[in-house]
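Report on one structure; see the data block that follows.
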Amino acid sequence: MSMQNLYLLVPLAPLFGAIVAGLFGHVLGRTWTHRITILLVAVSFAASVVIFQDVQAGHVFNGSVYQWLTMGNVTGNISLEVGFLIDSLTVMMMLVVTFVSLMVHIYTIGYMAEDKGYQRFFSYISLFTFSMLMLVMANNFMQLFFGWEAVGLVSYLLIGFWFDRPTAIYANLKAFLVNRVGDFGFLLGIGLILMVFGTLDYQTVFAAAKSHVGVFAPIPGIYVDTLTAICILLFIGAMGKSAQFPLHVWLPDSMEGPTPISALIHAATMVTAGIFMVARMSPLFELSDTALSFVMVIGAITALFMGFLGIIQNDIKRVVAYSTLSQLGYMTVALGASAYSVAVFHLMTHAFFKALLFLAAGSVIIGMHHVQDIRHMGGLRKYMKITHWTFLAGSLALIGTPFLSGFYSKDSIIEAVGMSHLAGATFAYYAVVIGVFVTAFYSFRLYFLVFHGEERFGKTHAEVKDQGQHDAHDDHAVHEHHGLAPGEKPHETNWVVWLPLVALAVPSLAIGYFTIEPMLFGDFFNGAIVINHQVHPVMAELKDDFHGALNMALHSLTTLPFWLAVGGVLTAWLFYMKMPQIPAFIKNKFSFVYTLLDNKYYFDRFNDWFFAGGARNASRFLWKFGDVKLIDGLLVNGSANLIGKFSGILRRVQTGYIYHYAFAMIIGVFVLLTLRSWL
């Protein structure tokens with residue numbers, strides 16, 4: 001098989017699986033549906049491995065595989081094509097997407113075993129895999145936008161997978177609408193690129209970008225640098241897809257979908273599409289310090305303030321969701337510091353350990369009979385040993401424990417932003433440093449409450465209700481039974497559930513150690529990521545300070561981030577294992593802070609009041625004034641009433657008596673003579 005055919009096989013294999021499962025799943029049955037889709041995703045992963053080896057050998061591909069249409073304008077013909085750009089950045093994303101997707105497909109066999117939408121779910125996740133692969137493999141903005149919207153569509157379908165639940169429908173509509181805001185900016189950015197460069201091909205745009213430095217954008221009434229406008233508009237799209245402040249509000253609610261999609265879409269792949277896109281657009285962003293500062297500040301706000309929200313969450317999945325928001329902020333900060341390879345490196349390591357945490361959380365939910373409130377857990381390490389150890393591995397990686405994968409990527413981000421001299425870098429540095437303590441605190445608060453301490457499960461359904469457990473946030477809310485019966489103990493999950501946990505735990509622990517040098521300081525991303533080292537010397541300075549993965553880990557033992565992480569873990573242990581009265585005291589003493597966090601900084605309320613309420617009020621005004629009074633009342637009924645009244649007057653004048661007409665003629669002559677004398 002030729003390499004071009006292999007490139008086609010990577011996205012088309014899961015697409016074929018999605019079609020088969022979606023159209024013929026009811027005929028094939030559950031077993032054959034998951035066998036076919038898993039096999040085809042495995043084929044995609046194997047092909048990605050072969051392509052990775054080919055790229056490592058120095059073979060890069062950039063070309064069209066299908067011409068969709070050609071349109072003409074005054075400057076010539078513009079061709080819109082399906083094409084692939086296969087380089088080191090692409091193959092890294094292909095490996096992450098296909099491997100995590102394969103693990104999620106296997107995991108789904110156990111997690112969705114009782115669900116009536118089993119075949120439909122496999123069709124959706126395979127379709128998502130195809131969409132994400134088309135996005136990362138694109139060599140032009142048209143195909144990028146296709147993949148961008150396709151993953152958004154499948155995310156909408158998966159968040160609302162349990163469409164008989166009002167909370168799921170609310171969540172997927174919220175995700176859809178918030179992403180429309182980001183995608184509007186993204187589409188404007190692509191349109192501006194087409195206007196300025198006359199093409200949507202990546203390489204052509206990148207090659208011509210320098211000639212537009214300092215040139216005002218062709219936008220009437222707006223005086224802004226062309227490249228700055230393009231980069232900020234593109235990043236607005238990334239703010240929606242990668243859930244950056246203030247377009248972050250959809251991601252926590254997306255936990256209403258089944259846990260496997262939380263791992264696949266909202267931790268490892270789709271939410272990182274914005275990070276990937278900015279890294280791919282590095283030749284453009286490098287030419288605008290204003291855009292880079294904007295990216296950095298938005299990322300810093302997200303990294304710190306979304307982490308604070310994770311501290312008070314009691315739903316196991318929502319804690320991990322707010323952690324995802326915070327970590328996406330870290331990646332965005334790295335992008336703003338021109339450390340694109342560091343951002344992508346953290347994207348890769350985060351994909352493994354965050355997918356692990358979500359799937360391990362799902363394993364806990366199964367073991368707890370679909371209860372998600374961590375206040376009704378505790379002591380699970382004795383009953384779910386594999387889940388416990390893998391969850392601990394993911395948590396240690398998340399907080400940046402030396403020698404583990406998360407340490408190498410997160411520590412590199414902190415170092416990079418500390419070296420940046422762009423506007424906003426100081427604020428970003430303090431935000432990511434403080435975020436280390438916050439991350440460690442909420443991560444091990446979750447770990448201790450779930451796996452250690454008092455066993456708080458085994459209560460009756462009524463007792464769980466009385467203590468604030470709500471079915472609205474439970475996975476599998478379609479099932480009637482929630483929680484363990486009195487005296488019942490949790491249980492370890494089936495091998496199809498824990499096997500993906502073990503498989504994900506391995507890269508979560510080790511991949512950072514083995515890949516940091518080639519990915520950050522070697523030539524792995526040469527040509528795929530472009531940095532002007534003279535203007536933005538951060539990566540060059542990082543390389544000078546790097547003396548090997550082992551020395552980096554050993555040196556970290558004396559740095560502030562390490563001790564902040566240790567402090568976060570110890571504080572969580574003290575608060576929730578030894579002196580649980582302290583959190584209650586702080587909550588009561590600083591109730592206004594707790595209320596602010598519990599209401600998520602009132603973003604949802606503001607959006608519901610200003611945007612949703614404003615749209616409803618505007619619609620009501622247009623209906624009552626515009627439709628009822630103006631159109632129906634004045635234009636339609638008003639014209640009819642006017643003619644009726646005028647006709648009534650004429651009817652009174654036309655009496656049929658000669659003396660009335662004679663009198664009218666005399667009055668008319670009198671008026672005419674009077675006017676003539678005046679004129």
Side-chain angles (χ1 to χ4, degrees), residues 152 171 174-186 189 231-255 266-267 270-275 277-278 285 290-313 318-337 343 346-347 350 354 410 413 417 422-436 438-439 442 593 596-612:
K174 186 176 183 180
F176 183 82
L177 292 173
V178 172
N179 273 278
R180 295 291 67 75
V181 176
D183 292 353
F184 179 68
F186 190 61
C231 290
I232 290 178
L233 287 171
L234 292 177
F235 181 68
I236 289 173
M239 288 167 61
K241 199 68 71 185
S242 293
Q244 295 297 291
F245 167 88
L247 302 182
H248 64 278
V249 293
W250 66 270
L251 193 143
D253 285 352
S254 71
M255 298 302 106
H266 305 126
M270 189 194 83
V271 291
T272 61
I275 309 300
M277 184 273 292
V278 175
F285 280 84
T290 302
L292 289 173
S293 291
F294 179 75
V295 171
M296 186 186 297
V297 171
I298 292 294
I301 295 172
T302 307
L304 180 60
F305 291 97
M306 296 307 108
F308 286 146
L309 295 180
I311 293 173
I312 66 160
Q313 300 299 313
R318 287 176 184 260
V319 177
V320 186
Y322 279 107
S323 169
T324 300
L325 281 173
S326 181
Q327 296 306 305
L328 288 167
Y330 272 85
M331 298 176 208
T332 304
V333 167
L335 294 172
H346 193 52
L347 181 159
H350 175 267
K354 190 53 63 67
K410 182 184 281 189
I413 291 174
V417 72
L422 290 173
T426 302
F427 164 70
Y429 178 74
Y430 284 113
V432 295
V433 169
I434 296 170
V436 172
V438 175
T439 302
Y442 67 64
V593 176
L596 179 67
L597 296 178
D598 190 46
N599 286 279
K600 297 168 282 189
Y601 307 118
Y602 293 96
F603 271 99
D604 284 336
R605 289 196 182 186
F606 175 78
N607 291 336
D608 287 343
W609 169 75
F610 185 78
F611 293 108

Are Tyr429 and Val333 close enough, and set up right, to give a side chain to side chain contact (heavy atoms under 4.5 Å, CB included), and what steps lead you there? CA-CA 9 Å; Tyr429 178 74; Val333 167; over 6 Å; no
How long is the gap from [atom1] on [X] to [atom2] on [Y], to the nearest 0.5 Å?
| X | Y | atom1 | atom2 | value |
| --- | --- | --- | --- | --- |
| Met306 | Thr324 | CE | OG1 | 13.0 Å |
| Phe305 | Leu325 | CZ | CG | 14.0 Å |
| Ile298 | Leu335 | CD1 | CG | 13.0 Å |
| Leu309 | Tyr601 | CG | OH | 4.0 Å |
| Gln327 | Ile413 | CD | CD1 | 7.5 Å |
| Ile236 | Phe186 | CD1 | CZ | 11.5 Å |

Exercise for review: Apply side chain to side chain contact (heavy atoms under 4.5 Å, CB included) to the pair Val297 and Phe294, showing each step before the final yes or no.
Suggested key: CA-CA 5 Å; Val297 171; Phe294 179 75; over 6 Å; no
Closest non-hydrogen atom pair, [X] against [Y]:
| X | Y | value |
| --- | --- | --- |
| Val417 | Ala428 | CG2-CB, 3.6 Å |
| Tyr330 | Gly435 | OH-C, 3.2 Å |
| Gly274 | Ala238 | CA-CB, 3.6 Å |
| Pro252 | Arg318 | O-NH1, 3.6 Å |
| Ala273 | Lys241 | CB-CG, 4.0 Å |
| Met331 | Ala343 | O-CB, 3.4 Å |

So do [Y] and [X] actually touch side chain to side chain, heavy atoms under 4.5 Å?
| X | Y | answer |
| --- | --- | --- |
| Thr439 | Tyr442 | yes |
| Phe611 | Phe606 | yes |
| Val249 | Lys600 | no |
| Leu304 | Tyr430 | no |
| Ile311 | Leu597 | no |
| Leu328 | Val271 | yes |
| Ser293 | Thr290 | no |

Check: With a cut-off of 6.0 Å (strictly less than), are more than 12 heavy atoms of other residues, nucleotides or ligands near OH of Tyr602?
Finding: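 Yes.
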(request) Using a cut-off of 6.0 Å, state whether more than 12 heavy atoms not belonging to Phe603 lie near its atom CZ. (result)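 Yes, enclosed.
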| said: Given 3.5 Å as the limit, does a donor-acceptor pair link the side chain of Ser326 with the main chain of Ser323, or not? | reply: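 Checked: no pair found.
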### Task
Report yes or no: does Trp250 contribute a side-chain atom to a donor-acceptor pair with the main-chain N or O of Leu177 at less than 3.5 Å?
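No, the answer is negative, given that no donor and acceptor are paired below the 3.5 Å cut-off.
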Parallel, tilted or perpendicular: which one describes the rings of His248 and Phe245, with boundaries at 30° and 60°?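 His248 vs Phe245 ring planes: parallel.
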Do Arg180 and Phe176 meet the cation-pi criteria used here (NZ or CZ under 6.0 Å from the six-membered ring centre, within 45° of the axis)? yes
